Amino acid sequence: MSPKCLISKIKPKEYKKMVNFNITYGTADTRFGKCFMGLNEDNVCFLSFLEGSYPGLDDLKKTFPKAALTQDDGLVSEKTQNMFDDCSNDNVKLLLKGTDFETKVWEELLNLQKGSTSSYEEIAKAIGNPKAIRAVANAIAKNNISYLVPCHRVISKKGTLNKYRWGVERKLQMLQHENAM
């Protein structure tokens, strides 16, 4: 796992029992387009890209239905400043909300070095579940922290880009920026 990212985790059952869960959210311009980010304290808990009529706030509410939400575009803009411009994730704090399996997959994605790619099958093998390729793909599709949890680095076994929630063009742009393609 990347030593630069500090990871906290919440299981869905734990989240249901929580009270006073606060998220500050907002938008910011990045080299890959406008992003929508949610922060719990100093932890990035949600990151997506806005495209057309994409309902970023709706997805955040679905992911964290009990959270008290506060908008602060300035804070989000400040937080994203170095993350996208120079690919610096130094001391980024992430809060992963998912099942044990999902967080295991996402943590494995954090092991993927910039400038590299992996396949769904390789991720399944790396987490000790070589036959769970479809489950790995589903976990990757549920990743709510785009770019920082680098699901864009996962491509098909044949080397094609496949689907990407925020567009194949954006995925290609990210991989080219990281010199992976």
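Computed from a predicted model, the values in this text were never measured in an experiment.
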For this session: Under the side-chain contact (heavy atoms from CB on, under 4.5 Å) rule, collect the residues that match up with Asp73, sequence neighbours excluded.
Result: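 Asp73 satisfies side-chain contact (heavy atoms from CB on, under 4.5 Å) with Thr27, Gln71 once adjacent residues are dropped.
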For this session: Tell me, please, which residues at least two apart from Glu122 pass side-chain contact (heavy atoms from CB on, under 4.5 Å).
Result: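 By the side-chain contact (heavy atoms from CB on, under 4.5 Å) rule, Glu122 matches Ser118, Ser119.
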Exercise. To the nearest 0.5 Å, what is the distance between NZ (Lys97) and CD1 (Ile10)?
Worked result: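 Separation between the atoms: 8.0 Å.
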For this session: With rounding to the nearest 0.5 Å, note down the distance linking CG in Asn144 to OG1 in Thr63.
Result: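 Nearest 0.5 Å value for the CG-OG1 distance: 4.0 Å.
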Problem set entry | Any residue meeting ring-ring contact (aromatic ring centres under 6.0 Å, His included) with Tyr164, in chain and number order, not counting sequence neighbours |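 Tyr164: ring-ring contact (aromatic ring centres under 6.0 Å, His included) contacts with Trp166.
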Minimum heavy-atom separation for [X] and [Y], please, with both atom names.
{"X": "Glu14", "Y": "Lys9", "answer": "OE1-O, 4.2 Å"}
{"X": "Gly98", "Y": "Thr103", "answer": "O-CG2, 3.9 Å"}
{"X": "Val44", "Y": "Met83", "answer": "CG2-CE, 4.0 Å"}
{"X": "Lys171", "Y": "Ile155", "answer": "CE-CG2, 4.3 Å"}
{"X": "Arg153", "Y": "Leu112", "answer": "NH1-O, 2.7 Å"}

For this session: Could you go through the side chain to side chain contact (heavy atoms under 4.5 Å, CB included) check for Leu161 and Leu175 one step at a time?
Result: CA-CA 10 Å; Leu161 294 185; Leu175 291 171; 3.7 Å; yes
For this session: Assess Lys157 against Tyr120: is NZ or CZ under 6.0 Å from the centre of the six-membered ring, and within 45 degrees of the ring's axis?
Result: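 Lys157 over Tyr120 ring: no.
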Exercise. Are side-chain heavy atoms of Ile140 and Leu109 found at a separation under 4.5 Å?
Worked result: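 They are in contact (side-chain heavy atoms under 4.5 Å apart), so the answer is yes.
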For this session: Please step through side chain to side chain contact (heavy atoms under 4.5 Å, CB included) for the pair Leu94 and Leu110, ending with a clear verdict.
Result: CA-CA 11 Å; Leu94 302 176; Leu110 291 166; 4.1 Å; yes
Exercise. Would Met174 and Arg170 satisfy side chain to side chain contact (heavy atoms under 4.5 Å, CB included), going step by step from the backbone distance to the final call?
Worked result: CA-CA 6 Å; Met174 290 173 175; Arg170 182 173 282 123; 3.8 Å; yes
Exercise. Do the two ring centres, one from Tyr25 and one from Phe46, sit under 6.0 Å apart?
Worked result: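 Ring centres of Phe46 and Tyr25 not closer than 6.0 Å.
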For this session: Give the ring-plane orientation class for Tyr15 versus Phe21, where under 30° counts as parallel, over 60° as perpendicular and anything between as tilted.
Result: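 If you compare the ring of Tyr15 with that of Phe21, the planes turn out perpendicular.
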